[in-house]
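Everything on this sheet refers to the single structure shown next.
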Amino acid sequence: MIDTEDHPLLRAQALTKWYGRQLGCHDISFDLYPGEVMAVVGESGSGKTTLLQLLSAQLAPTAGRVLYRMRDGIMRDLASVGEAERRFLFRTDWGYVHQEPALGLRIAVSGGANVGERLMAVGWRHYGRIRGAAKDWFDRVEIASDRIDDPPATYSGGMRQRLQIARNLVTNPRLVFMDEPTGGLDVSVQARLLDLIRGLVGELRLAAIIVTHDLAVARMLSHRIIVMKDGAAVESGLTDQVLEDPREPYTQLLVSSILPA
Amino acid sequence: MYALDVINVRKSFTLHLQGGLHLPVVAGVSFAARPGECVALVGPSGCGKSSILKMIFGGYRCDGGRILIRDGDRIADIATASPRAIIGIRQRAMSYVSQFLRAVPRVAAIDVVAQALDHAVPDQARASAAFLLRRLNIPERLTTVPPATFSGGEQQRVNIARGFLPDRPVLLLDEPTASLDSENRDVVIDLIAEKKRRGVAVVAIIHDSKVRDAVADQIVDVASFAAA
């Protein structure tokens with residue numbers, strides 16, 4: 001085990017966000033370690049997406065802060081990271097998988113270019129190598145490589161989502177944010193995608209923060225869970241602890257609302 | 001020196017959806033297992049046997065007491081360990097065979113089993129998984145199929161293979177032979193005996209008296225821990 005695994009990759013400290021008089025989220029704190037997958041669960045309006053945007057520095061917190069361990073090993077407050085550096089993080093060290101693939105993809109250029117673009121952004125120039133890496137990622141996310149020159153507009157919903165994942169992972173990020181990655185997909189397509197995400201996250205030792213309202217997704221992918229309600233974290237712990245031995249009334253309600261398989 | 005030492009553990013549930021109904025499960029749970037020893041938990045259904053196993057594995061939280069487990073040259077207390085610490089202790093020190101197989105859809109049986117070896121070379125892990133599945137009489141043609149469509153007994157054997165594949169100091173078994181025929185039950189008896197010979201401490205819920213007589217060194221009556 002490498003040394004950095006004993007240090008958090010990301011620390012959220014008392015994160016609070018108000019939109020005027022409307023509360024986004026309140027007093028959220030946790031540490032995320034390399035290779036750890038954390039699920040943020042709760043219903044719509046509970047503050048999950050606000051939290052994800054705060055953690056990924058897309059929103060500025062009203063109070064509290066997010067610390068991130070940069071590749072040089074130094075822990076930095078994201079509020080003090082400049083715009084250029086923040087964009088560099090987004091292009092290299094982070095991935096962000098949107099629920100709606102169109103938000104995370106360039107729909108008019110080819111699938112291969114969507115993957116290659118991220119590599120070019122970090123300085124890759126050799127066309128053959130970029131195309132080779134894109135092909136490799138098409139295989140890994142199970143998209144037939146003869147679709148590499150087609151634009152994602154011609155892909156199915158499940159393929160687009162897999163392409164978005166390839167585009168995000170091609171630069172070897174250490175942390176991936178996912179906002180309802182399986183939302184809006186058919187159940188059979190969901191299962192395949194979940195299986196793929198689970199395999200890649202394990203194989204690449206990625207840290208991930210996954211926002212989902214689907215407890216089955218959280219159970220399958222995450223090590224730990226934070227349950228949110230009305231902007232607050234009402235319960236957190238190991239995934240099997242929270243789902244099998246929920247303590248808080250709201251968590252018990254959520255867990256008891258799942259239809260048995 | 002114990003591999004596992006359970007000291008005065010207590011568990012209850014508060015059911016908020018039932019008006020805050022308080023359900024005491026067990027209290028004063030104390031027993032210990034040495035390396036190579038098998039402790040059988042017995043008692044009527046609903047007395048808290050599975051809850052005790054889940055507390056040892058860290059899936060249920062304890063209301064009180066200590067669960068000390070040998071983790072390399074340290075002693076860890078599962079009852080108070082952080083989620084991150086529990087994940088590490090599980091990977092190094094514990095295997096758990098639950099009552100029912102829960103597996104990711106679409107993953108072949110052989111990979112469900114092989115994935116239990118977190119850091120192994122994939123080919124070696126699959127070879128070991130194939131060997132164990134063969135011993136448990138899972139036909140080879142089934143090993144490439146996801147276990148969702150398997151019979152209850154076949155699923156249980158996949159689950160057993162997954163739990164037995166890693167060699168960790170503590171092995172927790174929740175009715176491992178409940179849906180097995182006598183031939184496969186005997187295989188499981190042999191597998192438990194081999195684990196014991198390798199110094200693994202086993203805590204098992206076993207209803208079948210033949211299995212219990214064959215493997216148990218210590219019987220712990222969970223009914224005696226009934227919470228008031």
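Reminder, nothing fancy here: chain letters follow the sequence lines and each chain counts from 1. Side-chain atoms are counted along with the backbone in the values below, which use heavy atoms only and exclude waters and symmetry mates.
- With respect to chain A, the highest number of heavy-atom pairs below 4.5 Å among B/Ser82, B/Gly58, B/Gly59 belongs to B/Gly59.
- Between B/Lys11 and A/Asp245, at least one side-chain N (NZ, or NE/NH1/NH2) sits under 4.0 Å from a carboxylate O, which counts as a salt bridge.
- Remark: A/His223 NE2 to B/Arg90 CZ distance equals 10.0 Å, nearest 0.5 Å.
- Note that CG of A/Leu238 is 12.0 Å distant from CZ of B/Arg84, once rounded to the nearest 0.5 Å.
- Neither the backbone nor the side chain of A/Thr239 comes within contact range of chain B; no heavy atom of the residue lies under 4.5 Å from a heavy atom of that chain.
- Across B/Pro83, B/Gly20, B/Pro122, the residue that shares the most heavy-atom pairs under 4.5 angstrom with chain A is B/Pro83.
- No more than 12 heavy atoms of other residues, nucleotides or ligands sit less than 6.0 Å from atom CG of B/Asp73.
- Within 6.0 Å of CZ in B/Phe150 there are more than 12 heavy atoms belonging to other residues, nucleotides or ligands.
- Other residues, nucleotides and ligands contribute more than 12 heavy atoms inside 6.0 Å of the CD atom of A/Glu203.
- The contact between B/Ile86 and chain A is made entirely by side chain atoms (from C-beta outward), counting heavy-atom distances below 4.5 Å.
- Rounded to the nearest 0.5 Å, atoms CZ (B/Phe57) and CD (A/Gln241) are 11.0 Å apart.
- Contact of A/Glu248 with chain B is made through the backbone alone, with heavy-atom distances under 4.5 Å.
- The CG atom of B/Leu17 sits 7.5 Å away from atom OG of A/Ser257, with the distance rounded to the nearest 0.5 Å.
- Taking 4.0 Å as the cut-off between side-chain N and carboxylate O, A/Asp240 and B/Arg102 do not count as a salt-bridged pair.
- The local environment of CZ in A/Arg71 is crowded, with over 12 non-hydrogen atoms from other residues, nucleotides or ligands closer than 6.0 Å.
- Taken to the nearest 0.5 Å, the CD atom of B/Gln18 stands 8.5 Å off from the CD atom of A/Gln252.
- Rounded to the nearest 0.5 angstrom, A/Arg247 CZ and B/Arg61 CZ are separated by 5.0 Å.
- In terms of non-hydrogen atom pairs under 4.5 Å with chain B, the most contact-rich of A/Pro246, A/Gly202, A/Pro249, A/Ala191 is A/Pro249.
- With a 4.5 angstrom heavy-atom cutoff, A/Arg192 touches chain B via backbone and side-chain atoms both.
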